[in-house]
Visitor: 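So that we are looking at the same thing, I have put the structure below in structure tokens.
Residue numbers start from 1 in every chain, and the chains themselves are labelled A, B, ... in the order their sequence lines are given, proteins ahead of strands. What you see is a predicted model; the values in this text were computed from it and never measured.
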Amino acid sequence: MAYNHNVPENCRLFILVGKGIKEDAFREAFGKYGKIEDVWVVKDRRSNEDKGVVYITFSKASEAALAMQEMNGRVVPGHPKPIKVLIANSKRDGSVRDPHEDEKILRLFLIIPKSMSEDELRREFEQYGDIDYATILRDKNNGESKGFGYVKFFRPYHAALALENCDRSFKPKFAEPKMPRGDRDNDYEMDYQYSRETRPPGPFFRGPDRGPDRGPDRGPDRHERGTKRGFSEYSGRDDYHDDGPPRSRFSHGPVGQHHSLDDLEQRNDEIADLNLVGEGPMEMIQNYANSGCQRLHVTAPLGLTQQYLTRLFSLIPGLEYCDLNEATGIAYARYTTPQCAAYAKDKLDGFEYPLGSRLIVRFADVPNVPDLKTASAMNFENYGIPGSSLERDECDTIRKAALILEKAGINPDRVLASDNSVERVTYCNILLPLPKPLSPEDSSLAQRLFIVCQPAAVPERILRDAFCRFGDLIDVYLLSGRNYGYAKYASKECAMKAISVLHGQSIAGQRLKVLEAEPPKDENRREGRDRHDSHSE
DNA sequence: CGACGGGACGC
DNA sequence: CGACGGGACGC
């Protein structure tokens, strides 16, 4: 536990190769899927010969999962044999293979608000990819939620994306495999499920060439990738290898700064998945009513830059230009067809960008008729709060789009101010210091703050973004269903700084009170050294 | 088919 | 006024 506790789970690949391993070729081939932290070519201790194994550690599980998905069964330049790529066991587990080890990379354990239904849970997580099941554990007697549950994906990449991007209050972890016992033997009979043959043609998918090493017993070639996949319909890890990007969900591709703008543009059609299932994106755009207007009028939050806005609007196919007056926050964007423009308006109006504020998108050349959606888009303080005036579909759309942005290396959460020690964030009335990393969850608590949001609660991600900026933040949360809560800091100085800056300010439209917390209600006194425990053991 | 180096570091 | 969160899977 000394050096290990900050490495994310499932971010290391175990790769089977032949001898004669060239490390650089691996760095080159795998580097495009993410940030490589370590490459280790395993050699025999005495003879110094390759053992045919390479470990590659990525900075995140999603990068490793994507690399596995894309590289398994492929040939690395300079190496004759196709490689096999697996998520490595933790060092602790050694080489033992759990019969249900896929659960370690497909299934998440989650803390779930008691009020949330399984349907809501599923909807919340299916933005990251296809879900096998979403379950909430309930009390056997009264059916009440126990406050936790599981979501299982079909692909490790999607599980990792969910883990890394879902609201932190879910406290997501990769689930430990746990099987009632003895059941699901048929797991081992069905194999295949995903194969290259089911991949549609097109630039985002590798050609129909089948990897040379698919193994002899892949089962029938044609297999539909329907939505009704059963519980135990796949088994070996091979199933999610080698399958290219997922189809009916957008795939985010490489993550963060490794994602080039070109990659982004290549994935234009995937944004069409924002809220539609079934139709192809182009068809869908064609089906938009011809408003007769190709030009959009955009009202952007002050501080948003030309570059970011252009990147956002170019996610919708057909952008001709996007010109922002950074002084006024007014932009005009033009698309090649009225349908594209209508599509862009539909997708981006009300879009939360950056965190805590929204874009307003109108047709530029027709009379401005405010509609319901616009009205709700403007009161951002309601976003994400139960009873919000936003329809669920809209929230989903916004979340999905924000996710795409993040994966594209655009940070939707902040807009830099000219001074580079503080920045303007549109959810807050004052300039704030730049975000700082959180302290590990097991850090020792130095100071607790009591927070009140008046009159209503503020989404947790916004609180986190605000309170982390003073450093050493361990956690911040509101009590469920309440407008008050706590922030925990690992140092008193940082906590006091948070009070001095944030107390009395406005966050997402709510007035904030930030005070030193009183000691917890009925906590066992850890004072002094009196340990006159009468209990044995 | 198939599994683990080096360096790590607060007292 | 506004005070204390949740954590592993059916018998």
Visitor: Residues two or more places apart in sequence or in another chain: which of them pass ring-ring contact (aromatic ring centres under 6.0 Å, His included) with A:Phe148?
Guide: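 ring-ring contact (aromatic ring centres under 6.0 Å, His included) check on A:Phe148 returns A:Phe109.
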Visitor: Check whether A:Glu164 reaches the backbone of A:Ala61 with its side chain - one donor and one acceptor, N or O, closer than 3.5 Å.
Guide: yes
Visitor: To the nearest 0.5 Å, what is the distance between CD1 on A:Ile15 and CD1 on A:Ile56?
Guide: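 These two atoms lie 3.5 Å from each other.
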Visitor: Report yes or no: is the ring centroid of A:Phe450 under 5.5 Å from the six-membered base ring centroid of C:dA3, with the two planes under 30 degrees?
Guide: yes
Visitor: Kindly point out which of B:dG2, C:dG7, C:dC4 is positioned nearest to the side chain of A:Phe109?
Guide: C:dG7
Visitor: Starting the side chain at C-beta, find the nucleotide from C:dC4, C:dG5, C:dC9 nearest to A:Glu460.
Guide: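 Out of C:dC4, C:dG5, C:dC9, the nucleotide with an atom closest to A:Glu460's side chain is C:dG5.
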Visitor: Give the residues of residues 486-494 of chain A touching DNA chain B, defined as any heavy atom closer than 4.0 Å, sorted by residue number.
Guide: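 Hits under 4.0 Å, by residue number: none.
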Visitor: Counting heavy atoms from C-beta on, name the nucleotide in B:dA3, C:dA3, C:dC1 closest to the side chain of A:Lys513.
Guide: C:dC1
Visitor: Give the nucleotide from the list C:dA3, C:dG7, B:dC4 with an atom nearest to the side chain of A:Arg12.
Guide: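 Shortest atom-to-atom distance from the side chain points to B:dC4.
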Visitor: Less than 4.0 angstrom from a charged side-chain N to a carboxylate O is my criterion; do A:Asp102 and A:Lys152 meet it?
Guide: no
Visitor: State which residues pass salt bridge (charged side-chain N to carboxylate O under 4.0 Å, His left out) with A:Lys81; sequence neighbours excluded, sorted by chain then number.
Guide: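 If we apply the salt bridge (charged side-chain N to carboxylate O under 4.0 Å, His left out) test to A:Lys81, skipping adjacent residues, there are no hits.
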Visitor: Check DNA chain C against residues 166-176 of chain A and give the residues with a non-hydrogen atom under 4.0 Å, in numerical order.
Guide: A:Ser169, A:Lys171, A:Lys173, A:Ala175, A:Glu176
Visitor: Can you name the residues that form a side-chain contact (heavy atoms from CB on, under 4.5 Å) with A:Glu460, not counting sequence neighbours?
Guide: A:Asp167, A:Ser169, A:Arg464, A:Tyr477
Visitor: Just by modelled atom types, is the A:Gly94 backbone N or O under 3.5 Å from a matching donor or acceptor in the A:Asn89 side chain?
Guide: yes
Visitor: Taking the side chain of A:Leu515 as heavy atoms from C-beta outward, which of C:dA3, B:dA3, C:dG5 is closest to it?
Guide: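 The answer is C:dA3.
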Visitor: 5'-most contact on DNA chain B: A:Thr57 or A:Lys81, nearest heavy atom basis?
Guide: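 Nearer the 5' end of the strand: A:Lys81.
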Visitor: Look at the side chain of A:Asp38 against the base of B:dG5 and say whether a donor-acceptor pair falls under 3.5 Å; ignore hydrogens and angles.
Guide: yes
Visitor: So, are A:Lys32 and A:Glu70 salt-bridged, with charged N and O less than 4.0 Å apart?
Guide: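 Between A:Glu70 and A:Lys32 there is no salt bridge, as every charged N stays at least 4.0 Å from the carboxylate O atoms.
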Visitor: Assess whether atom CD of A:Gln454 is packed by more than 12 heavy atoms of other residues, nucleotides or ligands within 6.0 Å.
Guide: yes
Visitor: Test for a donor-acceptor pair under 3.5 Å between the base of B:dC4 and the side chain of A:Arg92, counting only N and O atoms.
Guide: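 Counting by modelled atom types and ignoring angles, no donor-acceptor contact under 3.5 Å is found here.
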Visitor: With no angle test and no hydrogens, is the base of B:dG5 tied to the side chain of A:Lys91 by a donor-acceptor pair under 3.5 Å?
Guide: yes
Visitor: Side-chain contact test, heavy atoms from C-beta onward, threshold under 4.5 Å: evaluate it for A:Val76 versus A:Lys22 and give yes or no.
Guide: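 The answer is no, as the side chains (C-beta and beyond) never meet within the 4.5 Å cut-off.
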Visitor: Write down the distance separating the C1' atoms in B:dA8 and B:dC4, rounded off to the nearest Å.
Guide: 16 Å
Visitor: Out of C:dG10, B:dG5, C:dA3, which has the shortest distance to the side chain of A:Glu518?
Guide: C:dA3
Visitor: May I have the distance from A:Glu103 (atom CD) to C:dA8 (atom C1'), rounded to whole angstrom?
Guide: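 Rounded to the whole Å, the gap is 12 Å.
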Visitor: So if I take every side-chain heavy atom of A:Gln454 and compare against C:dG2, C:dG10, B:dA3, which nucleotide ends up nearest?
Guide: C:dG2
Visitor: For the pair made of CG in A:Asp132 and P in C:dC9, what is the distance, rounded to whole Å?
Guide: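 Taking atom P of C:dC9 as the reference, CG of A:Asp132 is at 19 Å.
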Visitor: Looking at C:dA3, B:dA3, C:dG5, which one has an atom nearest to any side-chain atom of A:Ala517?
Guide: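 Minimum distance to the A:Ala517 side chain belongs to C:dA3.
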Visitor: Of the nucleotides C:dG5, C:dG7, C:dG2, which one has an atom closest to the side chain of A:Leu479?
Guide: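 The closest nucleotide is C:dG5.
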Visitor: Which residues in residues 142-151 of chain A have a heavy atom closer than 4.0 Å to any atom of DNA chain B?
Guide: none
Visitor: Quick test of your reading of the model: are A:Arg168 and A:Glu441 salt-bridged, counting only N-O distances below 4.0 Å?
Guide: no
Visitor: Is any side-chain N or O of A:Arg45 under 3.5 Å from a base N or O of B:dG5, one able to act as donor and the other as acceptor?
Guide: no
Visitor: Between A:Tyr489 and A:Phe470, is the ring centre distance below 6.0 Å?
Guide: no
Visitor: Among B:dG2, C:dC9, B:dC4, which nucleotide has an atom closest to any side-chain atom of A:Leu137?
Guide: C:dC9
